[in-house]
Visitor: 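Take a look at the following structure, please.
Numbers for residues simply follow the sequence, beginning at 1. Indexing begins at 1, ligand by ligand and atom by atom, following the structure's order. Since the structure is predicted, the reported quantities are computational estimates derived from the model, not experimental observations.
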Amino acid sequence: MDCFQYREGALWTEEVAATTLAEQYGTPLYVYSQDTLLQHYERIHTAFAALDPMICYAVKSCSNIHICRLFAERGSGFDVVSGGELYRVLQAGADPARVVFAGVGKTEREIEEALAAGIGRFNAESVSELEQVNGIATRMGRAAHVDLRVNPDVDAKTHAYTTTGRKENKFGVAIEQAPSVFDRFRDSVGLKLRGIHLHIGSPVNDVQSYVASIERGLALIDTLRHGGHPIDTLDIGGGFGAFYEGHEAPSAQDYANVIVPLLRDRGLRIIMEPGRSITANAGLLLTRVLHVKQAGTRRFVIVDAAMTELIRPALYGAYHFVWPAVAAQHVPETRAAQQPFADLVASDVVGPVCESGDFLAKERGLPPGIEAGDLIAVFSAGAYAMAMASQYNSRPRPAEVLVDGQTSRVIRRRESYADLIATELDANAAVTSATAS
Ligand SMILES: *Cc1c(COP(=O)(O)O)cnc(C)c1O
């Protein structure tokens, strides 16, 4: 599942010890395994080969340019959700024709930039947006390839904040309304509306949710084709799961086993947008213990990483397995089973930020004898982790390191105090007068 392994009680990333990385680069530190990233990408590629899909890595899950470049070099496309992400992947060497641009609120500038760059496809989410893209593209003398995001009204059984395929959320157009939307833009010169896009949430560990959503999508495509629309593309989105608590997520092959038969020989180009399933288990966060404090029956392990480095526990109540990087005790068999037991101590792992919601792990059984200076690993922290880091409390964002076999390299330097104020000092140079016209 990943290349982070305990050997004789010590954690290794591929062939580099966690303690070495922490000493060399400091903490808090994001560590990625290149081998794991590439293996996860390859597994999807292989499992879905029969469909020859365009795989568009979801940049928002882990957006480091060096990681994007790894995928670009292997021919991956990219799923971007902002002008900033588009900029990033173009800098990483992406083929613009293999970029898809999603999001409910694209600005005029973002649409112009994407058209100018010659991106492959837009995923449009509303009639208003289609009008906007049509207008801009017509003005620029282009025709944008657009897929309409439809909302199949499938419950992906994930967290309320991460489900996106229900009727009552902001994403996409209700599936019943799609035919009239296609009719409306049939003759638009600035648009080639030729496909549909489905993305029902994340993580979706229930393969049947994909079956339900794709079957609805295919029925819609039949209706549209019957109505004379030359539909050639189906984008099935992302959302494949990852391992947080154990082996809860289906493998790429498990997803493929149900999805591939549905989509073979349909005369459709298939696009996929995996993010988490590639990156989540390819990264971890190393953090150093600052203090240990007993409060009643609770042991608080105060570490140098916080919600600023990893907000998922605070934001979604997300579960991340934590364990000392060096421990005499065996790592629990299943990562979820960290309930206090026998020789472990009930602990909360918390950060220094001034918020009660600032925790990385709650009520976990951790080895006794943890003390200041010890190193703790927070697992499954490759997706929606560093990508969501902030400078709240004026905390410089951490460094990111990529491990490849016996070597490691910094792929994002640790921010300095000067970085914290740099953009504020720049602002001083451009005082705007309210009276200037
Ligand atoms: C976030 C997102 C993805 C990636 O989801 P994962 O769960 O990381 O695979 C793909 N497509 C769209 C439209 C998204 O918003």
Visitor: Determine whether any heavy atom of A383 lies closer than 4.0 Å to an atom of ligand 1.
Guide: no

Visitor: Pairs of nitrogen or oxygen atoms closer than 3.5 Å, one from Y384 and one from ligand 1: do any exist?
Guide: yes

Visitor: So is G275 polar-close to ligand 1, meaning N/O to N/O under 3.5 Å?
Guide: yes

Visitor: Only heavy atoms of A58, strictly under 4.0 Å: list the atoms of ligand 1 that pass.
Guide: 3 (C), 4 (C)

Visitor: Checking side-chain contact (heavy atoms from CB on, under 4.5 Å) against F101, which of E113, E110, R121 comes through?
Guide: E110

Visitor: Purely on distance, is any nitrogen or oxygen of G237 under 3.5 Å from one on ligand 1?
Guide: no

Visitor: Distance under 4.0 Å to a non-hydrogen atom of E273: what atoms of ligand 1 satisfy this?
Guide: 3 (C), 4 (C), 9 (O), 10 (C), 11 (N), 12 (C), 13 (C)

Visitor: Would you check whether S61 has a nitrogen or oxygen atom less than 3.5 angstrom from a nitrogen or oxygen atom of ligand 1?
Guide: no

Visitor: In plain terms, say whether R395 and E309 are close enough for a salt bridge, that is, a side-chain N and a carboxylate O under 4.0 Å apart.
Guide: yes

Visitor: Do any heavy atoms of P274 fall under 4.0 Å from ligand 1?
Guide: yes

Visitor: One residue to check: D79. Relative to ligand 1, which of side chain, backbone, both or neither has a non-hydrogen atom less than 4.0 Å away?
Guide: side chain

Visitor: Among R149, H197, K60, H199, which one has a heavy atom closest to atom 1 (C) of ligand 1?
Guide: K60

Visitor: Are F379 and H320 near enough that their ring centres are under 6.0 Å apart?
Guide: no

Visitor: With a 3.5 Å distance limit and no angle check, can you tell me whether R266 reaches the backbone of L262 through a side-chain donor-acceptor pair?
Guide: yes

